[in-house]
Amino acid sequence: MKFNLDNRFTNELPADPILENTRRQVTNSCFSFVSPKQTKAPKLLHCALELGKELGLSEKDMKSDTFLNYSTGNEIIPNTKPYAMCYGGHQFGNWAGQLGDGRAINLAEIEHDNLHWTLQLKGAGETPYSRTADGLAVLRSSIREYLCSEAMHYLGIPTTRALSLSLTGDQVLRDMLYDGNAAHEPGAIVCRLAPSFLRFGSFELPASREDITTLKQLVNYTIKHHYQHLGKPSKQIYLQFFQEVADKTLDMIIHWQRVGFVHGVMNTDNLSILGLTIDYGPYGWLEGYDYDWTPNTTDRQQKRYRYSNQPNIGLWNLLKLANALYPLINETAPLEKILENYKHQFESKHQEMFAQKLGLESHQKNDKELYDQLESVLHLTETDMTLFFRQLANTSKNDSPSMALDRIRHSFYVPDAIKDAIKLKWLEWMTSYLKRLQLESISDSDRKANMDKVNPKYVLRNYMSQLAIDAAEKGDYTLIDELYTVLKKPYDEQPAFEKWFQKRPEWARHKVGCSMLSCSS
Ligand code: AMP
Ligand code: MG
């Protein structure tokens with residue numbers, strides 16, 4: 001197994017001169033060299049074979065001892081020097097100072113078929129940025145990260161990728177609900193891939209320290225390698241760079257809203273400068289369509305990162321990035337204009353996305369009303385988002401309103417609740433929708449085909465991950481593979497997997513891991 005190495009991050013950016021692995025403030029540097037912890041008995045649980053091919057790895061390579069050793073940190077790829085990145089961040093609205101890769105270690109950068117990848121291990125031990133924690137990850141959170149990053153990719157949503165999931169053979173102590181009941185759990189490592197793991201917080205940290213030299217080096221580096229089409233850095237190019245980051249961030253969030261993904265911890269250290277979904281922690285998927293839902297119990301009171309607030313938080317985080325870039329631009333008006341524009345862009349892109357979900361090709365004057373009305377009827381009783389949109393595609397223009405309502409009946413958690421005033425409201429909406437469909441020239445079957453391309457049939461519901469976790473903790477890894485397989489084709493019918501196209505079962509409603517998640521990974 002031989003990689004075509006191109007370690008440009010460590011070659012071109014300033015390194016922390018201290019080599020000891022002690023926890024400290026790291027200044028005037030973008031990263032610290034650090035070695036992964038040796039693991040006791042590593043074991044590969046699953047690997048993404050298609051992704052491996054993109055790196056030039058065969059199935060044989062990925063199932064070899066060498067790969068197992070690289071992907072769990074027991075062996076260093078020859079001619080490489082692993083490192084942890086230095087960054088800061090705003091956490092839950094407050095500046096948290098230096099954070100950094102506390103439990104992630106970058107192995108190397110690889111070039112293959114004109115694609116550039118950074119390989120990173122999550123859970124490979126302490127770094128100078130581990131603060132009070134151990135740098136490790138447990139099996140449950142690693143399964144969640146592994147499955148969800150790949151599921152997002154196959155949904156067509158920009159994301160970091162996951163190449164492999166392994167057990168370390170070590171035990172890790174965790175207080176899962178932060179309630180004083182710590183217990184040992186199996187340790188695991190996910191090998192993640194992305195063109196770059198730089199975050200908004202990577203730029204905020206040098207700016208907060210008024211270290212303009214490092215800030216400028218980092219921004220120039222990012223433009224040179226990840227926004228190369230922009231050309232030679234200048235004030236104008238910095239503004240264009242910010243505009244593109246804003247566009248990518250918005251596109252990513254619109255995708256999240258489309259499929260009902262709630263990130264859960266949209267701190268600025270968890271927002272990628274490339275607009276990739278990154279850091280899968282206490283994320284979740286809307287089941288009942290509920291604006292106010294957040295999977296993260298740590299955010300239960302404030303609900304800062306609830307589903308409906310994700311677009312606003314994107315903007316808030318972009319404002320922090322704008323502040324960080326300001327010393328290179330020295331003018332607020334053009335930055336403000338980009339932020340202001342985000343709001344308008346959001347409105348139009350959100351409407352466009354809603355139109356697609358409803359199978360509408362053209363835009364009509366009163367469509368906004370139709371979307372708003374739908375959002376309010378979806379809130380009348382608990383209605384499963386994924387089931388609803390998927391089943392709505394079966395509507396025929398010639399349906400009566402009650403026939404159309406029957407088609408989506410399966411998406412109500414309590415079908416008997418659809419009576420009296422609630423039923424009337426639903427029939428009212430169906431009447432408007434059917435009337436609206438009459439204005440479309442497209443056939444029922446073509447509309448269904450279009451809708452099925454944007455409304456996934458299969459998403460990684462929390463209870464599905466939890467079933468895979470429960471089985472894996474007992475040594476049975478088959479469900480990880482089954483979910484991985486079904487989520488590779490989320491828009492296809494896949495009749496063999498129909499059992500995953502169902503509402504969240506009642507047992508999962510209040511179960512830890514299904515409805516309650518914390519950051520304790
Ligand atoms: P997160 O919000 O999970 O992305 O993490 C926020 C910060 O905490 C990052 O700097 C992480 O590296 C750090 N962190 C989280 N968990 C651990 C851990 N187990 N050990 C060391 N650092 C951690
Ligand atoms: Mg993070």
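Whatever order the structure lists ligands and atoms in, that order sets their numbers, starting from 1. Numbers here are sequence positions counted from 1.
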Close-contact set for ligand 1 against [X] heavy atoms, below 4.0 Å:
X	result
Gly135	18 (C), 19 (N), 20 (N), 21 (C)
Gln91	6 (C)
Asp269	6 (C)
Asp279	4 (O)
Leu99	10 (O)
Leu136	19 (N)

When you measure from the heavy atoms of [X] to every atom of ligand 1, does any distance fall below 4.0 Å?
X	value
Arg174	yes
Glu126	no
Asn267	no
Gly281	no

Practice problem: Work out which heavy atom in Phe197 is nearest to a heavy atom in Thr118; give both atom names and the distance. | Solution: CE1-O, 3.5 Å
Practice problem: May I ask you to check if Arg144 and Tyr283 form a cation-pi contact, with NZ or CZ under 6.0 angstrom from the six-membered ring centre and within 45° of the axis? | Solution: yes
Using distance alone, decide if ligand 1 has a nitrogen or oxygen within less than 3.5 Å of any nitrogen or oxygen in [X].
X	result
Asp134	yes
Asp101	no
Ala133	no
Gly102	yes

Please determine whether a side-chain nitrogen of the Lys or Arg among [X] and [Y] lies less than 4.0 Å from a carboxylate oxygen of the Asp or Glu.
X	Y	result
Arg174	Glu185	no
Glu287	Arg461	yes
Glu382	Lys503	no
Asp279	Arg192	yes

Quiz item: Counting heavy atoms only, which of Arg23, Arg103, Arg199 is nearest atom 14 (N) of ligand 1?
Solution: Arg103
Exercise. Would you mind finding which of Met85, Gln98, Arg131 brings a heavy atom closest to atom 8 (O) of ligand 1?
Key: Arg131
Practice problem: Among Arg24, Arg209, Arg131, find the residue that satisfies the side chain to side chain donor-acceptor pair (under 3.5 Å) test when tested with Gln98. | Solution: Arg209
Quiz item: Hey, what's the ring geometry for His90 with Trp316, parallel, tilted or perpendicular (30° and 60° as the breaks)?
Solution: perpendicular
Practice problem: May I have the step-by-step check of ring pair (Phe, Tyr, Trp, His ring centres under 6.0 Å) for His379 and Tyr291, ending in yes or no? | Solution: CA-CA 8 Å; His379 279 93; Tyr291 264 1; 4.7 Å; yes
Quiz item: Would Thr294 and Asn296 satisfy side chain to side chain donor-acceptor pair (under 3.5 Å), going step by step from the backbone distance to the final call?
Solution: CA-CA 5 Å; Thr294 174; Asn296 186 355; 5.6 Å; no
Quiz item: Does any N, O or S atom in Asn270 come within less than 2.8 Å of the Mg ion (ligand 2)?
Solution: yes
Exercise. Taking the Mg ion (ligand 2) as the reference point, name the nearest N/O/S atom of Asp279.
Key: OD2
Quiz item: Can the ring centres of Phe92 and Tyr305 be said to be less than 6.0 Å apart?
Solution: yes
